[in-house]
There are 2 protein chains.
Amino acid sequence: MVEPPKSQYRQIADLLRERIETGVYQPDDPVPSEPELASELGVSRVTVNKAISLLRTAGLVRVRRGSGTYVRSTPRITRDARYRYANPRAAELEGRALGLSPRAECTEVSKVEASTEVAVALGIDAGDPVVVRHRRLFADDEPTRLADAYLPWDIAEDAGLLEPDGAELLESDAGSGAVYAYLAERGHGPARFDEDVTVRVASDAEARALDLEDGQPVIHITHVARDADDRPVEVALHVMPAHLWRLHYDWSALYDDEYGAESDD
Amino acid sequence: MVEPPKSQYRQIADLLRERIETGVYQPDDPVPSEPELASELGVSRVTVNKAISLLRTAGLVRVRRGSGTYVRSTPRITRDARYRYANPRAAELEGRALGLSPRAECTEVSKVEASTEVAVALGIDAGDPVVVRHRRLFADDEPTRLADAYLPWDIAEDAGLLEPDGAELLESDAGSGAVYAYLAERGHGPARFDEDVTVRVASDAEARALDLEDGQPVIHITHVARDADDRPVEVALHVMPAHLWRLHYDWSALYDDEYGAESDD
């Protein structure tokens with residue numbers, strides 16, 4: 001296939017990307033200013049500005065107001081879905097594999113009325129009471145994820161999550177895995193997980209909380225845990241800077257006869 | 001949490017988004033011009049332009065050169081990973097559930113040397129021969145996906161994919177499911193699948209092939225099929241406009257003891 005010529009700003013963006021990937025511009029280092037780049041590369045400042053915009057959206061550089069443009073330093077983190085929910089400490093280990101220090105900030109635990117989205121996922125009515133836990137996760141000092149977990153009120157109560165020990169667990173920096181282990185010991189352990197993954201532009205509030213540029217995409221995961229009776233015991237909404245993550249899923253083809261049977265409709 | 005005020009262009013973007021979602025602006029209809037919107041909403045043209053840019057990146061509108069800005073009409077399509085590879089016709093059914101007509105364009109089948117990325121995924125050496133099949137998929141007239149499938153040469157040969165019947169299958173518009181069924185009948189059926197999902201900005205060529213705006217994100221899926229001996233029999237690279245898709249994964253927590261055992265390292 002013959003490629004048509006690339007637009008000039010794309011060529012400049014590719015050249016700057018290569019300089020970042022080969023270490024000419026090091027992580028956390030400033031990128032030369034737009035006038036410097038325009039002069040060095042013999043193109044207009046408008047072209048350099050468009051190229052830098054593309055790199056900002058792609059999560060390769062960030063602008064610090066009044067200071068300049070810097071190379072982002074956090075590498076892509078792999079999130080292995082099956083592994084992370086089978087191991088109470090797995091979420092913490094995701095960043096550690098890359099030498100990053102994880103940190104969780106629990107911003108709120110409270111009783112709220114379920115929104116329509118949460119109610120549909122939990123199989124309850126909108127307005128029914130749920131326990132919500134809002135968290136913000138970091139790798140070193142970089143925010144990597146917003147995680148809002150919702151549990152039906154009666155499940156939380158039945159599992160003792162509203163009593164001192166459970167409440168302490170929720171208010172701690174423990175991940176979903178620890179909460180699932182707690183639920184499992186009390187007869188409400190997850191037997192099945194569902195995830196829906198979409199990509200969208202970060203909202204204003206998300207962009208601030210996750211240190212993103214205008215227009216940067218986020219990955220939005222709706223994670224549902226169901227118990228052995230197929231009842232949802234938790235819904236977690238994860239909002240993650242798209243440039244920071246690699247999602248991994250794996251499954252056996254051998255359990256899929258139930259699906260194959262539908263093929264001749 | 002008290003929300004700081006939104007920037008003006010975000011407010012305009014949200015208002016236009018609401019008009020699209022509530023049908024004030026209908027699918028395939030033009031959005032009023034920037035001067036018209038600036039006048040109606042009492043803001044500058046620059047603000048309207050920034051708001052429209054955000055909606056373009058988000059995949060809500062598209063610009064047709066010399067004609068104006070139009071509401072995109074294709075709804076989000078759900079891709080159920082386990083289902084789609086368990087059923088030869090599942091990929092076709094993804095769009096049909098929404099009343100869309102699927103179409104596949106097989107742009108090339110050929111023998112090439114494996115790139116490093118493909119070689120690593122297939123467990124072969126870079127430069128080793130592979131069979132590649134490039135396809136472009138549509139729902140109605142909207143391009144929804146680029147799919148490049150790679151098979152190791154000896155597996156393709158052993159399964160008869162290089163003989164007339166197999167070659168015809170590859171050159172047809174049949175999906176991966178049909179290829180897997182063919183491989184399975186000949187002793188090379190997939191027993192296990194792995195997927196890695198990342199999000200990145202579309203390249204120039206991808207943006208053209210997928211009818212995307214500058215800077216729009218794509219979902220990049222590296223899908224690996226392994227046979228019963230854990231040997232990769234196919235690697236497929238999928239590039240999908242992020243705004244068009246919802247990825248669905250589900251799994252049982254009960255097969256995960258193998259993972260849990262690693263938790264005390």
Side-chain angles (χ1 to χ4, degrees), chain A residues 1 3-4 6-7 10 50 53-54 57-58 76 78 80-83 85-90 107-108 134 177 180 189-201 203-205 208 214-215 217 219 225 242-243 245-260 262-263, chain B residues 1 3-4 6-7 10 50 53-54 57-58 76 78 80-83 85-90 107-108 134 177 180 189-201 203-205 208 214-215 217 219 225 242-243 245-260 262-263:
Chain A
M1 197 163 81
E3 293 287 311
K6 272 189 251 188
S7 56
R10 278 276 188 177
K50 280 187 76 175
S53 278
L54 197 67
T57 305
R76 230 181 246 271
T78 298
D80 181 332
R82 285 181 61 214
Y83 177 67
Y85 290 108
N87 176 338
R89 288 179 53 230
T107 53
E108 192 186 350
H134 297 291
Y180 292 155
R192 175 141 217 98
F193 300 112
D194 282 84
E195 296 198 341
D196 279 311
V197 180
T198 55
V199 177
R200 58 176 173 75
V201 172
S203 73
D204 246 21
R208 270 192 303 273
D214 265 356
I219 297 172
H243 69 279
W245 291 92
R246 171 179 295 106
L247 309 182
H248 178 82
Y249 295 92
D250 64 277
W251 67 98
S252 167
L254 307 177
Y255 301 118
D256 286 345
D257 288 346
E258 51 186 306
Y259 290 99
E262 296 172 30
S263 67
Chain B
M1 196 161 81
E3 293 286 310
K6 272 189 250 188
S7 56
R10 279 275 189 177
K50 281 187 75 174
S53 278
L54 197 67
T57 304
R76 231 180 245 272
T78 297
D80 181 331
R82 286 180 59 213
Y83 177 67
Y85 291 109
N87 176 337
R89 289 180 52 229
T107 53
E108 193 186 349
H134 297 291
Y180 293 155
R192 177 141 215 96
F193 300 111
D194 282 84
E195 295 198 342
D196 279 311
V197 181
T198 54
V199 177
R200 58 176 173 73
V201 173
S203 73
D204 247 20
R208 270 191 303 272
D214 265 356
I219 297 172
H243 69 280
W245 292 92
R246 170 180 296 108
L247 309 182
H248 179 83
Y249 295 92
D250 64 277
W251 67 99
S252 167
L254 306 177
Y255 301 118
D256 285 347
D257 287 346
E258 52 187 306
Y259 290 100
E262 296 172 31
S263 67

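Note: hydrogens, waters and symmetry copies are ignored here, and every other heavy atom, side chains too, is used. To find a chain, count down the sequence lines: A is the first, B the second, and so on, and within it residues start at 1.
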How close do B:Ala253 and A:Pro190 get, counting heavy atoms only, and between which atoms?
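Taking B:Ala253 first and A:Pro190 second, the nearest heavy atoms are CB-O, 3.5 Å.
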
Would you compute the distance between atom CD of A:Glu195 and atom CG of B:Asp250 and round it to the nearest 0.5 angstrom?
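Answer for the CD-CG pair, A:Glu195 versus B:Asp250, is 10.0 Å.
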
Pairwise distance CH2(B:Trp245) to CG(A:Asp196) - rounded to 0.5 angstrom:
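So the gap between those two atoms works out to 13.5 Å.
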
Between A:Thr107, A:Thr57, A:Val201, which has the largest tally of heavy atom pairs under 4.5 Å with chain B?
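Among A:Thr107, A:Thr57, A:Val201, the one with the most close pairs to chain B is A:Val201.
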
Could you tell me which of A:Arg76, A:Arg200, A:His243 has the largest number of non-hydrogen atom pairs under 4.5 Å with chain B?
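Result: the option with the highest number of such pairs is A:Arg76.
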
Under the side-chain contact (heavy atoms from CB on, under 4.5 Å) test, residues paired with B:Thr78 that sit two or more places apart
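For B:Thr78, the residues satisfying side-chain contact (heavy atoms from CB on, under 4.5 Å) (neighbours in sequence not counted) are B:Arg246, B:His248.
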
Based on non-hydrogen pairs under 4.5 Å, which of B:Val199, B:Leu247, B:Asp214 is most in contact with chain A?
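Ranked by contacts with chain A, first place is B:Leu247.
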
Kindly write out the residues that satisfy side chain to side chain donor-acceptor pair (under 3.5 Å) with A:Arg10, not counting sequence neighbours, or none if the list is empty.
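Residues passing side chain to side chain donor-acceptor pair (under 3.5 Å) with A:Arg10: B:Asp204.
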
How are the rings of A:Tyr249 and B:Tyr249 set to each other: parallel, tilted or perpendicular (split at 30° and 60°)?
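Answer is parallel, since the angle falls under 30°.
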
Heavy-atom contact with chain B under 4.5 Å, split by part of A:Ala81:
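A:Ala81 touches chain B through backbone and side-chain heavy atoms alike.
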
